[in-house]
There are 2 protein chains.
Amino acid sequence: MTIKVIARSVVRPHSLPEALRLYEALVKETVLEPGCHSYELFQDIDDPHRLTLIEEWEDLQALDLHTKTPHFVDLVSQLTEHEDELPVHRYSRVF
Amino acid sequence: MTIKVIARSVVRPHSLPEALRLYEALVKETVLEPGCHSYELFQDIDDPHRLTLIEEWEDLQALDLHTKTPHFVDLVSQLTEHEDELPVHRYSRVF
C-alpha cells in the first residue's frame, strides 16, 4: 500500500536559512532511497516559516527504513534546534 | 507559480460514508477543471475519520476559480454538515 506522509513544522525566527539548508540535504539524500516515490518540501505562501514535507513511499516498510537512515537521524536532530515539529500524519489514498 | 494545497478535516462519527460519497463527487468534478494538476483525497491510516485533500493548481487564479465553481460551493456546504474543517494551507514548492 502506497503511503503518503505530511510532515509539517514551524521554523523559529532567524532559523529559516539554516532550516532550508538542512532540508535541502535531507531531500537530496532521501529521494535516492529505495521505495521513495517522492519527497518534496513546501513553504506556506502565507507564512514562510511554515514548512511541509509531502512524501510518498512504496509501503510502510520503506518509510520505516527511511526513519532509521543515518542522514534522516542526523539531519532531523539538527532540524529540531531550528523548528517545532507538528504531528506527522500518514495516509493512504482514497480517490 | 504552481500552488499546492493541503485541506484537512475531521469527519464526525457515523458521517464517514456520506463524507466519502461527497468527496468522491468533488474529486470527480474538480480534476476536470482547467488549471487543476491534481486533486486527491487521502485517509489517515491511524484514524480513518481524518481526511486530507492534497491538491496542485497551475496558479492562484485557477485555485480561486475552483472555489467559485457550483460543484465546489454545493459539495463543500454539504460536507460541513459531516465534518469539521481544519485550516487550509497553500504552499509553493521549495525542493
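Numbered from 1 within each chain, the chains take letters A, B, ... in sequence-line order. It should be emphasised that the depicted structure is a prediction, and the values quoted were computed from it without experimental measurement.
A salt bridge is defined here as a Lys NZ or Arg NE, NH1 or NH2 lying under 4.0 Å from an Asp or Glu carboxylate O, and B:Asp46 with A:Arg90 meets this definition.
Residue A:Leu53 does not touch chain B at all, counting heavy-atom pairs closer than 4.5 Å.
Residue-environment remark: CD (B:Glu85) stays at or below the threshold of 12 foreign heavy atoms within 6.0 Å. Summarising the local packing, CD of A:Gln61 is surrounded by 12 or fewer heavy atoms from other residues, nucleotides or ligands at distances under 6.0 Å.
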Q: Given side-chain contact (heavy atoms from CB on, under 4.5 Å), test A:Ile45 with B:Met1 step by step and report yes or no.
A: CA-CA 11 Å; A:Ile45 62 174; B:Met1 173 173 76; 4.0 Å; yes

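Using a 4.5 Å cut-off between side-chain heavy atoms of Ile, Leu, Val, Met, Phe, Trp and Tyr, with links allowed through other members, B:Ile3 and A:Ile6 fall into different hydrophobic clusters. Tracing side-chain contacts under 4.5 Å through hydrophobic residues (I, L, V, M, F, W, Y), one never reaches B:Val88 starting from A:Leu86; they form parts of separate clusters. Grouping the Ile, Leu, Val, Met, Phe, Trp and Tyr side chains by contacts below 4.5 angstrom, directly or via other members, places B:Trp57 with B:Phe72. Hydrophobic cluster membership is shared by B:Leu75 and B:Val31, with clusters built from Ile, Leu, Val, Met, Phe, Trp and Tyr side chains linked at under 4.5 angstrom.
Checking each of B:Thr52, B:Val27, B:Leu41 against A:Val94 for a side chain to side chain contact (heavy atoms under 4.5 Å, CB included) leaves exactly one that passes, namely B:Leu41.
Comparing A:Lys28, A:Arg8, A:Arg50 by how many heavy-atom pairs each has under 4.5 Å with chain B, the most go to A:Arg8.
Atom-to-atom distance recorded for B:Phe95:CZ and A:Leu20:CG is 5.5 Å, nearest 0.5 angstrom. Rounded to the nearest 0.5 Å, atoms CD1 (A:Ile54) and CZ (B:Arg93) are 10.0 Å apart.
Of all heavy-atom pairs between B:Phe42 and A:Tyr91, the closest is CB-CB, 3.6 Å.
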